[in-house]
Enquirer: 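First the structure, then my questions, so here it is.
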Amino acid sequence: MGLTKNSTGLNAVDTGLDLKKFLPEDKVIALAGNPNVGKSTVFNNLTGLNQHTGNWPGKTVASAQGVCRHNGKNFILVDLPGTYSLMPHSAEEEVARDFMCFGSPDAAIVVCDATCLERNLNLVLQALEITPNVVVCVNLLDEAKRKNIHIDLDMLSLRLGVPVIGTIARKKGSLNRLMQAVDTLIEKGGNGKPYQVKYDEHIEEAVGLLAPLIEGKFGSKINPRWLALRLLEDDRALSEPLSKFLEVDVFEDREIMQQLNLAWQRLEQGGITKENLRDRIVCALVLTAEKICKGVITYDKNTYNSRDRKIDKLLTSKSTGFPIMILMLMVVFWITISGANYPSQALAILLFWGQDRLTDLFKYLGAPEWLHGAVVLGVYRVMAWVVSVMLPPMAIFFPMFTLLEDLGYLPRVAFNLDKYFKKCSACGKQALTMAMGFGCNAAGIVGCRIIDSPRERLIAILTNNFVPCNGRFPTLIAILTMFFVGTAAGLFQSALSAVLLTLVIILGVVMTFAVSKILSLTILKGVPSSFALELPPYRKPQIGKVIVRSIFDRTLFVLGRAVVVAAPAGLVIWLMANITVGDYTLLAHCSNVLDPFGRLLGMDGVILLAFILGFPANEIVIPIIIMSYMATGTLVELEDLSSLRQLLADNGWTWITAVSTMLFSLFHWPCSTTCLTIRKETGSLKWTAISMAVPTLVGLVVCFIFANIARLFL
């Protein structure tokens, strides 16, 4: 029974499908596969624009469903998160497992990479333990051909006992054959004779004790062999979804528990414990995959993957890996800095032209001056500033980041940094989330979902703010250019700024390691977990899809949140700059109160207040500083950096002030967008508060130490 029929309420909720859109005869197909096998390409080309995206209820895991029309029938494809196993360690793997087991799909397509088929078969074998209605899609045959890998698909199908279809996902013809195989499989009611993994004789004996009892109680509702194995593993995370699906708590069933205790006794007699049972099961899966592939796959051992190995010797070696990584970082920043200037100026002209038109409208309507100031000069002006400064760098950085991801370089970055994160008792995947934070810390926080361990995920979330997002780049670049590069550096100005900015960022990375270590020794004690880090083959990026995906999935998502919080911030800033108490505005009063503390940190009260008011968006820190020094009622921008440097110098700025401001910009609380994201991802106000306190405390200590040591040598 599929989701489109009268399936259980659990199934309907967990998939996020809108059942009203589908007919009873529509077939639901689960689309599963390892990461980096082209599963998304298969899904996108089959469903086209007939897609729906959302979140799996109760989990921060994106879902995607789409409709594929084939032979006059509707097939509802559910794109499951990429997973290496259906024995889950993460929310993504739980979603894939739960839908395969309890979503009652009519069939499942398991997408495999033809260039590393043996490893991918582990997932296929696990899927076959759940349902016989499986079609194996061997994708990326073109890449396999380039690597002189030959696969006998007919022999593989014969051994697995299910249809095996070779595809090149970019070509619709091969996908038509795939859907024809799915249609035929469903029409025949399944093959019924899929390959069954044979485990250790003691495990098989234990399964034999449990499976008949399970089958007698639940019939064909669930695969008794699969459930017996999960009960033997004592997988308690399975309890809730299993209870909803079977409408009974298996772990509370007296007969099953008695038989389970007997099965465990047999396992212990055979020298198998609960601790090493899963290792035995995984080992059997790996050896079975190797056995099935023997004779099915042929390749030249001398030339196989030779190009990738040569590149990896450069990108992952101790001598060249880190220099290339730093050089790549500088190039990305240089392109972002140089490329964002002109579109940012053009966007600012357009948006501030809109401000003038709004002013004309308010005058035409005869609106009071205070209303015009609050709405246009406050709310709209700040939003316009945030959009014009924030959008162009993100629109450049995120596509470049995604291109490196599609190319296969970012996993090599994680490989290079894994050893250092492990020494900090953190996870090597944190390197990827840290890199994503350069574009936006909120996006980096969302990316922490890829880390399986809750402890290590929290470490990554709490330390992500130590790498500056593009919202802090304007402040850092302006100060670097004015005080350390010079405003007349000619064509090399942006390049030198990128080099200095990279050095600042390296400091942030070093602090990330240090704070990760401190957290792992204190409030988040623990040992680093193991994980599979795949080094995917280098591939030619699909530039068009990369640009669309990065803009819609990351850039507009982050920009939307920033605008939402920038609007009320604009109103607050305008009110503080225009409401006077005595002879001074609220802005001046607040900066005067903060001034003594700010000077202890090498700054002043105006700078400190600018960071506080810049909480909604870091992009407005410099404009607030200018507004405060010039005592204007709205955010203003000076014509060039020479004028800005003179203004700062007239208000007491020295190189110590400049460095202290840069350090505090690097180490201070996350912006409001990031805080909202942390609250959503952790579901905890406590961890959100800690994520604000940790970098702020580091910033205060670093600035205090630097400023006071620097003054000793003046």
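Quick caveat, the model's predicted, so the values are computed rather than measured.
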Enquirer: Compare all side-chain heavy atoms of Thr677 with those of Glu681 and state whether any distance is below 4.5 angstrom.
Expert: yes
Enquirer: Does Ile624 reach the side chain of Ser628, with side-chain heavy atoms less than 4.5 Å apart?
Expert: yes
Enquirer: Compare every heavy atom of Ala610 with every heavy atom of Ile625, then report the nearest pair and how far apart it is.
Expert: CG1-CB, 3.4 Å
Enquirer: Start with the C-alpha distance between Tyr380 and Trp574, add both sets of side-chain angles, then the distance that settles ring-ring contact (aromatic ring centres under 6.0 Å, His included), and finish with yes or no.
Expert: CA-CA 11 Å; Tyr380 179 86; Trp574 185 87; over 10 Å; no
Enquirer: Any side chain to side chain donor-acceptor pair (under 3.5 Å) involving residues 348-373? Give me the pairs, sequence neighbours left out, ordered by first then second residue.
Expert: Gln355-Arg381, Arg357-Asp360, Thr359-His372
Enquirer: Under the side chain to side chain donor-acceptor pair (under 3.5 Å) rule, collect the residues that match up with Trp653, sequence neighbours excluded.
Expert: Tyr629
Enquirer: Measuring from Phe667:CZ to Leu697:CG, what's the distance to the nearest 0.5 Å?
Expert: 12.5 Å
Enquirer: List for me each residue that meets side chain to side chain donor-acceptor pair (under 3.5 Å) alongside Tyr409, sequence neighbours excluded, and say none if there are none.
Expert: none
Enquirer: Could you tell me which residues satisfy side chain to side chain donor-acceptor pair (under 3.5 Å) with Asn465, sequence neighbours excluded, listed by chain and number?
Expert: Arg472
Enquirer: Who pairs with Leu594 by side chain to side chain contact (heavy atoms under 4.5 Å, CB included), at least two apart in sequence or on another chain?
Expert: Leu608, Leu609, Ile612
Enquirer: Go through the steps for Val694 and Val515 under the test side-chain contact (heavy atoms from CB on, under 4.5 Å), then give the verdict.
Expert: CA-CA 9 Å; Val694 169; Val515 176; 3.7 Å; yes
Enquirer: I want to check something: taking the side chain as every heavy atom from C-beta on, are Ile445 and Thr674 in contact at a cut-off of under 4.5 Å?
Expert: yes
Enquirer: Taking atom CG as the centre, does Asp583 end up with more than 12 heavy-atom neighbours from other residues, nucleotides or ligands that are less than 6.0 angstrom away?
Expert: no
Enquirer: Answer yes or no: is there a side-chain heavy-atom contact under 4.5 Å between Cys671 and Pro616?
Expert: no
Enquirer: List the steps and the verdict of side-chain contact (heavy atoms from CB on, under 4.5 Å) for Leu663 and Leu507.
Expert: CA-CA 10 Å; Leu663 288 173; Leu507 175 61; 3.8 Å; yes
Enquirer: Tell me which pairs pass side chain to side chain donor-acceptor pair (under 3.5 Å) where either residue lies in residues 687-696, with sequence neighbours left out.
Expert: none
Enquirer: Is there a side-chain contact between Met662 and Phe483 in this structure, where contact means two heavy atoms from C-beta onward sitting under 4.5 Å apart?
Expert: no
Enquirer: Between Thr512 and Gln430, do the side chains contain an N or O donor and an N or O acceptor separated by less than 3.5 Å?
Expert: no
